[in-house]
Amino acid sequence: MGAGTSPADRAASATGPAAEQAEGTAEADAAADAPAADTADGPAEGSEGRTGSHPEPGPDASPAARRSRRFPSFTRDTARPEGGGRAASGDAPAPARQWPLLAVLCTAGAGLLIVAADPFAEAFRIGTILIGVALIGGAVLRLLVPSVGMLAVRSRFTDLVTYGLLGVLIVMLSLMAQPKPWLDIPVLEDAVHFTIR
């Protein structure tokens, strides 16, 4: 059995279109005779489990009309996060629609390139600061821009906390990196000395 086929599909292909057409005609004839049989002899064979107080739903009763308004027990898909729409109009080219994500990725990529190439004395520190600034910029974009495209991963609050906290931590660590740190916080040094002892 191939992918996407069922035993019913194989049976239909084995009998061919002529047999299907003959079956369809026989079913249509039986359906046309059913109302007359109901009025003459009582309920038809298919409705023997039904009572008069619960009639069979008519042909216009759609599943959408009978659907409950309660939340389902199991979700079938994931809702797009708020602000996850296009950052530019639909007629703009694909990269322009994702400009917030591209801005963050390009800035972080430039920082990684500076760290990897190590072209000057403080390249590690500058490149790492650039990566942290890219994440802080992502948090600012998520806060100010109503639609940021694929930069929206979770809710606005979760994205703000995640991008902002990671960005600030990376910038702080790069400023305090040894040797010759650019930022000296004595409380942290005392905490490190206390835990290492």
Side-chain angles (χ1 to χ4, degrees), residues 2-4 6 62-197:
S6 68
S62 66
R66 288 180 271 146
R67 189 175 297 157
S68 172
R69 290 176 21 167
R70 287 184 290 170
F71 286 109
S73 301
F74 300 102
T75 55
R76 291 184 171 36
D77 58 353
T78 304
R80 177 190 295 179
E82 53 176 310
R86 293 174 174 159
S89 63
D91 55 346
R97 285 184 238 140
Q98 299 297 332
W99 69 265
L101 178 68
L102 287 176
V104 171
L105 287 179
C106 287
T107 308
L112 286 171
L113 220 81
I114 290 172
V115 169
D118 199 19
F120 47 89
E122 296 289 333
F124 172 76
R125 195 180 309 272
I126 298 292
T128 315
I129 289 173
L130 205 53
I131 294 169
V133 167
L135 287 171
I136 294 171
V140 170
L141 285 173
R142 189 73 175 96
L143 177 65
L144 299 178
V145 179
S147 294
V148 291
M150 290 173 63
L151 190 62
V153 180
R154 302 279 182 222
S155 69
R156 191 179 301 267
F157 175 77
T158 306
D159 286 345
L160 280 172
V161 169
T162 306
Y163 294 149
L165 192 63
L166 285 174
V168 167
L169 283 175
I170 290 173
V171 168
M172 293 293 288
L173 287 172
S174 62
L175 289 175
M176 294 179 353
Q178 298 290 336
K180 301 177 188 172
W182 290 3
L183 179 66
D184 190 21
I185 302 176
V187 176
L188 289 178
E189 283 185 21
D190 294 341
V192 168
H193 288 297
F194 180 75
T195 52
I196 290 178
R197 272 189 218 167

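Note that the structure is a prediction, hence the values are computed from the model and not measured. Only this structure's heavy atoms are used, side chains among them; waters, hydrogens and symmetry mates stay out. Nothing fancy with the numbering, it's 1 onward along the sequence.
- A distance of 10.5 Å separates CG of Leu141 from CG of Leu160, quoted to the nearest 0.5 Å.
- The backbone N or O of Val153 lies less than 3.5 Å from a partner atom in the side chain of Asp159, making a donor-acceptor pair.
- Looking at every heavy atom in both residues, Ala103 comes nearest to Thr107 through O-OG1, 2.7 Å.
- Looking at heavy atoms from C-beta onward, Val148 lies out of side-chain contact with Leu101 at the 4.5 angstrom threshold.
- Here the closest heavy-atom approach between residue Ile114 and residue Pro119 is recorded as O-CD, 3.5 Å.
- Looking at every heavy atom in both residues, Ala134 comes nearest to Ala108 through CB-N, 3.6 Å.
- The CG atom of Leu113 sits 12.0 Å away from the CG atom of Asp118 when rounded to the nearest 0.5 Å.
- Between Arg142 and Arg154, the closest heavy-atom pair is NH2-O, 3.1 Å.
- In this structure, CG in Leu102 is found 9.5 Å from CE in Met150, a value given to the nearest 0.5 Å.
- For the atom pair Thr128 OG1 and Leu112 CG, the distance stands at 8.5 Å (nearest 0.5 Å).
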Quick one: side chains of residues 163-187, donor-acceptor pairs under 3.5 Å with protein atoms, not counting sequence neighbours, listed by atom name and distance.
from: Tyr163; atom 1: OH; to: Leu151; atom 2: O; distance (Å): 2.7
from: Ser174; atom 1: OG; to: Ile170; atom 2: O; distance (Å): 3.1
from: Ser174; atom 1: OG; to: Val171; atom 2: O; distance (Å): 2.8

